[in-house]
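Notes for the one structure printed next.
In listed order, ligands and their atoms are each counted from 1. Note that this is a predicted model, so its numbers are computed, not measured. No hydrogens, no waters, no symmetry mates; every other heavy atom, side chains included, goes into these values. The first residue of the sequence shown is numbered 1, and numbering continues consecutively from there.
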Amino acid sequence: MMRVSREDFSVAAATNSSAYRRVTIPVLRIDAGPGPAVALMAGVHGDEWEGQAAILDLWQQLPALLQRGTVYLLPAVNAEASLAGTRLSPNDGGNLNRAFLGAPARGYTEGVAAALEARLLPRIDAMVDVHSGGASLRYLPSSVITRYAGDAYDERLPRLARAFGLPQCMFFRGNETGSMPAAASRHGVLRLSAEIGGGRETRSDLVDACRDGLLACLSELGLLPERPPASAPEVSIHDLDAPDATLRAADAGVFVPCVDLGQTVSAGQAIGRLIEPAMPDKPIRVLRAPQAGDVVCLRAIARSEPGDCLIQVAPALPLDSLASQY
Ligand SMILES: [Zn+2]
């Protein structure tokens, strides 16, 4: 017996012009009886569109498809940032992926995090939390596995990454206690993420790939019928935690890359230049790949400041090597 219900919640978000204002976070609960409970969410950063559009598709489609268990759909978990088209919450400048800091919540962003930690995380076994490059970055579409602190290797993670269906997976390590991976870890929730597209734009093919990946994850977790064995190519993993994976701007300028996402480069190969057209006497700065590997991320905004991430490069390793990287 399928039961579909709204479980929206609202969070205080006062401004100087609205004393008791609240923002509503939309949540759809689809209950198909016994089985795992899974949350599919996007919009932790409000300007990351592919997952938000894909989960909105599932809002319409999934009630007719779900076979077992319970799914919570959160297409815009930072609703205020999604409405504003910004990465951070416009209300208080908060980063929802750093706001799981425990009570008392100081303002809107920590309020959303506290509500998720009280209402959602204790009720689920697994989650897929879809991100993208947002306004400032463009990613090679990839699933993402994040190891929080000393989390033990879980062999279900590469299976989920394979099910997601993209040929690339990225591996991060994180130690920030306020992050979504930390909150999921505290509640024993299996968490896969993704980085899909970016820039201020989005495209239907990326949204569709994300939606299909989410459905395939539900199959892998036993909530949808098993899918025929994937004919997708073997998944490779890129370790983005290595110190040399990220090149940041050392200086202000206009970033002109000469490589593209997915291109393989050698260590020291020129990947672009930083120029200052308003100061024609300033020397052009040639930028070089910090290590050999595939270009998996590029800055999507040409004007750059010191500290901005310009490019991420990492060698492709077999997904089966993940356990040895823990
Ligand atoms: Zn994000």
Side-chain angles (χ1 to χ4, degrees), residues 25 39-56 73-101 108-110 112-113 116 120-121 127-148 161 164 166 168-185 189 191-203 206-207 209-211 213-214 217 238 240-241 245-246 248 261 296-301 307-312:
I25 312 297
L40 305 179
M41 72 168 64
V44 164
H45 297 126
D47 63 349
E48 301 175 356
W49 302 115
E50 292 77 15
Q52 298 189 55
I55 293 173
L56 192 61
L73 296 178
L74 296 90
V77 65
N78 187 343
E80 191 179 50
S82 175
L83 289 165
T86 54
R87 176 177 179 80
L88 307 178
S89 312
N91 178 270
D92 58 9
N95 180 348
L96 181 53
N97 208 15
R98 301 289 180 273
F100 292 82
L101 298 168
Y108 161 79
T109 310
E110 289 183 23
V112 175
L116 292 172
L120 182 73
L121 294 177
M127 67 190 295
V128 186
D129 171 21
V130 183
H131 289 247
S132 88
S136 69
L137 299 174
R138 240 179 234 109
Y139 271 105
L140 192 62
S142 305
S143 54
V144 173
I145 293 172
T146 304
R147 182 191 192 190
Y148 172 66
F164 199 83
L166 295 172
Q168 286 85 221
C169 178
M170 294 188 290
F171 180 50
F172 294 99
R173 295 177 192 84
N175 288 303
E176 288 155 307
T177 53
S179 68
M180 184 75 84
S185 175
V189 173
R191 177 182 176 275
L192 184 78
S193 182
E195 293 285 0
I196 300 181
R200 288 190 191 278
E201 71 221 5
T202 187
R203 294 200 318 259
L206 294 175
V207 173
C210 181
R211 182 201 57 214
L214 292 169
C217 286
H238 294 93
L240 290 187
D241 203 47
T246 301
R248 293 187 169 78
L261 288 176
V296 296
C297 176
L298 275 172
R299 182 166 166 80
I301 300 174
D308 286 343
C309 168
L310 300 178
I311 189 171
Q312 289 184 302

Looking only at N, O or S atoms, find the one in H45 nearest to the Zn ion (ligand 1) and name it.
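The atom in question is ND1.
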From the N, O or S atoms in H131, identify the one nearest to the Zn ion (ligand 1).
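Atom name returned: ND1.
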Donor + acceptor pair across side chains of [X], [Y] (<3.5 Å):
{"X": "Y139", "Y": "Q312", "value": "yes"}
{"X": "N95", "Y": "H45", "value": "yes"}
{"X": "E195", "Y": "S142", "value": "no"}

Please find out if the Zn ion (ligand 1) and some N, O or S atom of E48 are separated by less than 2.8 Å.
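Short answer: yes, at least one N, O or S atom is under the cut-off.
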Salt bridge or not between R173 and D241? Use side-chain N to carboxylate O under 4.0 Å.
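Yes, this pair counts.
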